Amino acid sequence: MDLFADIRGLVLGAIDTLAASGALPAGLDMAGVLVEPPRDPSHGDMATNAAMVLAKPAAMKPRDIAALLAERLLADPRVTAAEVAGPGFLNLRLAAGAWQAALRTALTEGAAFGRADIGQGTRVNIEFVSANPTGPLHVGHTRGAVFGDALASLMAFAGYDVTREYYINDAGAQVDTLARSVYLRYLEALGEAVAFAEGSYPGEYLKPVGAALAAEVGERWVDQPEAVWLPEIRAFATDAMLALIRDDLAALGIRMDVYFSEKSLYGSGRIEAAIERLDEAGLIYRGVLDPPKGKTPEDWEPREQSLFRSTAHGDDVDRPIRKSDGGWTYFAPDIAYHWDKIERGYTQLIDVFGADHGGYVKRMKAAVSALSDGQVPLDIKLTQLAKLWKDGAEFKMSKRAGTFVTLRDVVDEVGPDVTRFVMLMRRNDMPLDFDFDKVTEASKDNPVWYVQYAHARIASVLRKAAEAGADTADATLARADLATLDDPAQLALIRRLADWPRQVALAARHHEPHRVAFFLYDLAAEFHALYKRGDDLPGLRFLDPGRPDAQAAKIALARATGVVIANGLAILGVTPVEEMR
RNA sequence: GCACCCGUAGCUCAGUUGGAUAGAGCGCUGCCCUCCGAAGGCAGAGGCCGCAGGUUCGAAUCCUGCCGGGUGCGCCA
């Protein structure tokens, strides 16, 4: 139940009625009609721009349309006032019962309160992390992991059929490097002295892999040429790395639905099939690219290549799909991979990349547009870096200095809940400061703590009420007489709760889970303010044993707030706490 | 040189498919604890929304051009 959507429906119905009676032209486009909370609360409970949006197509003055609408809307019992204001806004005031109904809905729907159906079951594939399987996830992957997972939860909550997917880059040269590095660890495990050459992976994390390999195959591959062991060790090593990565993700509470292997595309004809599809569309040709202007590589030489005419779908230059040795460029399997997603029936695709991959956005969108005849939208979300701070100084990651910070390091330090919330407290395309000292601080400038504190306070109130003998079951609370909730701070909180479903829809539509985090912060602030008001006005205290009916209403409000906080945190993947320790 | 992202209060950042007088936290100033948890709350000061044009009833939001910061730019994925 979304009160704002309900009232919007009421407005649209009024427009239809007016059109039917000839007061307005028929067939007006109402897509731009919004019902929102006004910025200034004195303007009323809700405002609609309907009259201004319709003015031009209807060839009427906005204020005239607004006046017509006002008359119709007032016929509904939920609307107690409708005033035309400014250039043609229609400000509405709602009956107390309408707001109270929203609060009751929060109690009766519980964990489902705020669910939307804007997705209508649309199958959406969200690809995120997709780190090379050559080692544990490092801190740079954390943000994309958290963002992708929260976005997936958000969209699922908004009615999409969501798949979380990880693309394993297990076909490139770096996997050979991994295999060779594992081979060295294997020899080492068998007692040989080894030296790691430039460009290999000397990380400690490969020691157990080498040891496991030694235990499995014994000395069979010692003193053998690479051709003998490379393919098998490659598979063995990537499996081990993938297990490592799965564990890292699990530590953050992330479970992928699909791990898709790039290697599986090779030799299966699927790359050829995808390119063939582009070729049939006349988008593959042989040609010579111009060097990038202003920055010609020193070894530049004109070369005839097999090119994808991505410029036909919005890219800036056409892109090579074959290397001069005849092999595929990395872009070709990417095309095939996205073609595979389309063939699997997804009608909406989302890729989450690090900001350093921003250069691939246009070509990838061009490919998906070409492959799906523009039918499957691809949204690419770029995540900016998270800067680590510790003891007041930036904590730089450097492989050379040995300060390799893993995702696991961060989670071990502050826990998955804090990691996730902090990463989501910023828009994905804004850089982020992650201060180890601050994020664990118990104070108001730590949003994680502040939101959790509100939830814990509510849990505390409910505990105490129950201890004192009150019936705090949701079903009972939902039957309380809520008319006594008439203080401005209480009404503000109720309005905020009623706004939750609308915020979910907005966040899902924009693919922006951070909106949920900000909403929760504002909601928590509203709750804390009300709670504090009980100091001066004892009648506002939630625990009010002398007035059982009033207490029931206030506890219902507290509980509903707790429900919304819990639902929001669930989207973010953060566990609500019952008490602060 | 080109592309993409960013530019909003002293600092860090929100800002509804374009909506009314642009918000929050920190910091600053001033208030409030025999009180359901003060690990807080209330109030105030603080803005040419990078600059200049354009689109329209209306622009922080859309378009164009500049300025500043970041990320990238054909056989690495």
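Just so you know, these numbers come straight off a predicted model, no measurement behind them. We name chains A, B, ... by the order of the sequence lines, and we start the count at 1 in each one.
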Find which nucleotide of RNA chain B each of A:Leu385 and A:Leu530 is nearest to by heavy atoms, and output the residue with the more 5' nucleotide.
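It is A:Leu530, whose closest nucleotide lies nearer the 5' terminus.
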The residue, A:Tyr450 or A:His357, whose nearest nucleotide of RNA chain B is more 5′ is A:Tyr450
d([atom1], [X]; [atom2], [N]) in whole Å:
X        : N     : atom1 : atom2 : value
A:Asp535 : B:A39 : CG    : C1'   : 15 Å
A:Arg286 : B:G74 : CZ    : P     : 19 Å
A:Asp522 : B:G25 : CG    : P     : 9 Å
A:Asp315 : B:C73 : CG    : C1'   : 11 Å
A:Glu512 : B:G15 : CD    : P     : 6 Å
A:Arg363 : B:G72 : CZ    : P     : 13 Å
A:Asn446 : B:G40 : CG    : C1'   : 15 Å
A:Arg541 : B:A38 : CZ    : P     : 10 Å

By the 4.0 Å heavy-atom rule, please label [X] as base, sugar-phosphate, or nothing.
X        : value
A:Glu304 : nothing
A:Ala85  : base
A:Arg426 : sugar-phosphate
A:Gly88  : nothing
A:His514 : sugar-phosphate
A:Arg457 : sugar-phosphate
A:Ala456 : nothing
A:Leu34  : base
A:Phe331 : nothing
A:Gln503 : nothing
A:Pro87  : base
A:Ser443 : sugar-phosphate
A:Arg319 : nothing

Closest approach to the side chain of [X], judged atom by atom: which nucleotide of [options] is it?
X        : options             : value
A:Asp433 : B:C57, B:G25, B:U12 : B:U12
A:Trp449 : B:U17, B:U71, B:G40 : B:G40
A:Arg502 : B:G72, B:A20, B:U16 : B:U16
A:Tyr360 : B:C36, B:C76, B:G15 : B:C76
A:Asn169 : B:A39, B:A77, B:G25 : B:A77
A:Arg303 : B:G74, B:C73, B:A20 : B:G74
A:Lys323 : B:C76, B:A39, B:G74 : B:C76

Do the charged groups of A:Glu127 and A:Lys341 touch, with an N to O distance under 4.0 Å?
yes
Under-4.0 Å salt bridge between A:Arg496 and A:Asp499:
no
Given the rule in the ring pair (Phe, Tyr, Trp, His ring centres under 6.0 Å) test, do A:Tyr337 and A:Phe260 qualify, once you have shown the distances and angles that lead to the verdict?
CA-CA 9 Å; A:Tyr337 173 46; A:Phe260 190 98; 4.7 Å; yes
Ring-ring centroid check A:Phe434 A:Phe436, cutoff 6.0 Å
yes
Can you tell me how far [atom1] in [N] sits from the matching atom in [M], rounded to whole Å?
N     : M     : atom1 : result
B:G46 : B:A22 : C1'   : 14 Å
B:A3  : B:A39 : C1'   : 48 Å
B:U71 : B:C31 : P     : 47 Å
B:G69 : B:C63 : P     : 23 Å
B:G25 : B:A14 : C1'   : 10 Å
B:U55 : B:C13 : P     : 35 Å
B:C26 : B:A45 : C1'   : 15 Å
B:G70 : B:C76 : P     : 28 Å

Hey, is the main chain of A:Asp315 close enough, under 3.5 Å, to the side chain of A:Ser310 for a donor-acceptor pair?
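The answer is no, because no donor-acceptor pair under 3.5 Å joins these two groups.
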Check: A:Asp391 main-chain N/O paired with A:Asp437 side-chain donor or acceptor under 3.5 Å
yes
List the steps and the verdict of side chain to side chain donor-acceptor pair (under 3.5 Å) for A:His338 and A:Asp351.
CA-CA 10 Å; A:His338 283 76; A:Asp351 290 350; 2.7 Å; yes
Mind pulling the stems RNA chain B is in, i.e. runs of at least three Watson-Crick or G-U pairs, everything under 3.5 Å?
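As far as RNA chain B goes, consecutive pairing (with distances under 3.5 Å) yields the stems B:1-7 with B:67-73, B:10-13 with B:23-26, B:28-32 with B:40-44, B:50-54 with B:62-66.
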Examine [X] relative to [Y] and say whether NZ or CZ is less than 6.0 Å from the centre of the six-membered ring and inside a 45° cone about the ring axis.
X        : Y        : value
A:Arg502 : A:Phe4   : yes
A:Arg363 : A:Phe308 : no
A:Arg457 : A:Phe527 : no

Determine, answering yes or no, if [X] is stacked on [N] under the 5.5 Å centre rule and the 30° plane rule.
X        : N     : answer
A:His43  : B:A20 : yes
A:Phe89  : B:A20 : yes
A:Tyr330 : B:C76 : no

Using a 4.0 Å heavy-atom cut-off to protein, can you give one letter per nucleotide of nucleotides 3-9 of chain B, 5' to 3': B if the base is in contact, S if only the sugar-phosphate is, - if neither?
SSSS---
List the atom of A:Leu28, the atom of A:Ala58, and the distance in Å for their closest heavy-atom pair.
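Looking at all heavy atoms of both residues, the closest pair is CD2-N, 4.1 Å.
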Establish whether the base of B:A20 is bridged to the side chain of A:Asn91 by a donor-acceptor pair shorter than 3.5 Å.
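By the distance-only test, yes, there is a pair.
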Show the numbers, then the answer: is there a ring pair (Phe, Tyr, Trp, His ring centres under 6.0 Å) between A:Phe147 and A:Phe128?
CA-CA 8 Å; A:Phe147 174 83; A:Phe128 59 111; 8.8 Å; no
I would like to know whether A:Val175 and A:Arg234 meet side-chain contact (heavy atoms from CB on, under 4.5 Å); could you show each step before the answer?
CA-CA 7 Å; A:Val175 179; A:Arg234 213 161 35 195; 3.1 Å; yes
Parallel, tilted or perpendicular: rings of A:His138 and A:His141 (30°, 60°)
tilted
